[in-house]
Each structure stands twice: as structure tokens, then as C-alpha cells.
Amino acid sequence: MTTLSKNFYTRDDVVKISRALIGKVLVSTVGGIVTSAIITETEAYAGIRDRASHAYGDRRTARTEPMYAEGGTTYVYLCYGIHHLFNVVTGRAGAPNAVLVRAGAPLQGLDTMRERRGRSAPDSRLLSAPGSLAKALGITTALTGTSLIDGAIRIENHGFRVAPSKIVTGPRVGVDYAGADARLPYRFRVDPADVR
DNA sequence: CGAATGATATACT
DNA sequence: GTATATCATTCGA
């Protein structure tokens, strides 16, 4: 049960890191309450030449600034005016790479997650999509740019095992506008039942 | 299937 | 500075 160290995040290959995050544990401490989840789905966003990335074409703005930080920090932004989406920034400083955490399986703080998500969400869907996952874990844009090493959000290795053959690779969701890049196999997911 | 909902990027005046 | 189109989505009809 160790917190992932800086050198996990600062590696070059964001796609590899995206795959490696499957089975790791995302932990948030918000309002003095700890909630955590096993990561079951991620997507890689690969720098300034990835049309699907917010940083495509080196679009460095107030919003995307956290993506340009050194790996090991967060990038949280508001999508569709409603949903806060949580990303892990990777790579070296100046290279805007990030991994979107799309889904998870509840581990700790189940009651709090249920409260945050509201009555209509069944347990099986508590963390089944990126907006829902952030909501259940209490993650908002207020936490963008914060450290994953010693901040309110961290990622730990609890020793959960996922057979490589159980990790499904495919194109990313909701990026049709990205042309050919929309078909890149940058999405990774595993059935929660295949995490031991 | 489509409304909800607001920050943001971009293109104007 | 102001206008407007767009968006790494979700939920309910």
C-alpha cells in the first residue's frame, strides 16, 4: 500500500502510464473524509500533436496550464458545464501529457460516495464514468494543479493484480472531432470482476 | 434521443 | 470588451 512516487509519473510514455494505472487505487481526502477507488478505465492524451488533447497545437491557456507541469500533478476541468473530469499529468515539465481517469470500483468511503452521487445512482454505476467518478470522490476544479505526491488526491499501489490479457484497448470516447487521432487505441479498461 | 449548464476558446467590434 | 459556438458528459423521457 504505497503511494506512487514522482518517477512513476515523470516517465515519457503517457500511453504506457495510462495502462499502468489500471488496478491502482485513487484516494481523495476532501472535507476530512477519505474515499478511494480502484481505477478500471483510463485514456491517454498525448501532448501537442494529439488532436483530441486540450493542449493540441500547444494551446497553453489558464485552463490547460496544469498539463504543462511536471508529471505527478492533477488536471481537473469542467466539461459540458456540469461535470468535473479528473486527469493525471505525466511526463516532464513543458510536455502537456495527461491521463483521464474514466471509471473505477469503490474501495473506501462507500457511504460518502453514495451521498455525493445522489439517490438515483445504483452502486454498480457509482464510478462508472468520468463525471460520476469525480463527483463520488469529491473532486472539483478547485483541485486542479495540485500534487499527487502529497496533496488531497493521491494514487496508491495496493497490489491489485490485473492480467494483461484482461485489459481491453480501444479508441477514446467523445473525441470524434479529432479526425484520425480519434481512432488511436489510447483507451484502457478492465472489468472490475477481473481485478484481484 | 435530447436537455441541462457554464467555463472557455475564438472571432469579432 | 462582447458575442457565440463548442465541449474528453450524464440522466431521464
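In the text below, chain A, chain B and the rest are named by the order of the sequence lines, each starting its count at 1.
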Is it true that the side chains of [X] and [Y] contain a donor and an acceptor less than 3.5 Å apart?
X       : Y      : value
S28(A)  : T35(A) : yes
S147(A) : T73(A) : no
Y68(A)  : N97(A) : no

Are any of the side-chain heavy atoms of Y75(A) and E65(A) separated by less than 4.5 Å?
->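 No, side chains not in contact.
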So do I33(A) and E115(A) actually touch side chain to side chain, heavy atoms under 4.5 Å?
->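 In short, these two side chains do not touch, never coming nearer than 4.5 Å.
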Please determine which of I155(A), V27(A), L110(A) meets the side chain to side chain contact (heavy atoms under 4.5 Å, CB included) test together with S36(A).
->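 It is V27(A), the one option of I155(A), V27(A), L110(A) that forms the side chain to side chain contact (heavy atoms under 4.5 Å, CB included) with S36(A).
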Option from V101(A), V88(A), N157(A) for which side chain to side chain contact (heavy atoms under 4.5 Å, CB included) with K24(A) holds =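 Running side chain to side chain contact (heavy atoms under 4.5 Å, CB included) over V101(A), V88(A), N157(A) with K24(A) returns exactly one hit, N157(A).
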Determine yes or no for a side-chain-to-main-chain donor-acceptor pair under 3.5 angstrom, with R117(A) supplying the side chain and R125(A) the backbone.
->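 Yes, the answer is positive, given that a donor and an acceptor are paired below the 3.5 Å cut-off.
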Could you give the start and end, 5' to 3', of the contact zone on DNA chain B for chain A, using atoms under 4.0 Å from its heavy atoms?
->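 So the contact region on DNA chain B extends dA4(B) to dT10(B).
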Enumerate, in order of first residue number, the stems that involve DNA chain C, defined as 3 or more consecutive Watson-Crick or G-U wobble pairs with both distances under 3.5 Å.
->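 Stem list for DNA chain C: B:1-4 with C:9-12, B:6-12 with C:1-7.
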Does the ring centre of H54(A) sit less than 6.0 Å away from the ring centre of Y77(A)?
->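 Ring-ring flag for Y77(A)/H54(A): true, centres closer than 6.0 Å.
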Minimum heavy-atom distance between M67(A) and S53(A), given as atom pair plus value =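 So the two residues come closest at CE-OG, 3.7 Å.
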Classify the nucleic acid contact of T61(A) as base, sugar-phosphate or nothing, counting any heavy atom under 4.0 Å across all strands shown.
->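 Since only primed, P, OP1 and OP2 atoms lie under 4.0 Å of T61(A), the category is sugar-phosphate.
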Reading nucleotides 6-13 of chain C from the 5' end, what letters show protein touch, with B for base, S for backbone sugar-phosphate only, - for no heavy atom under 4.0 Å?
-> -BBBSSS-
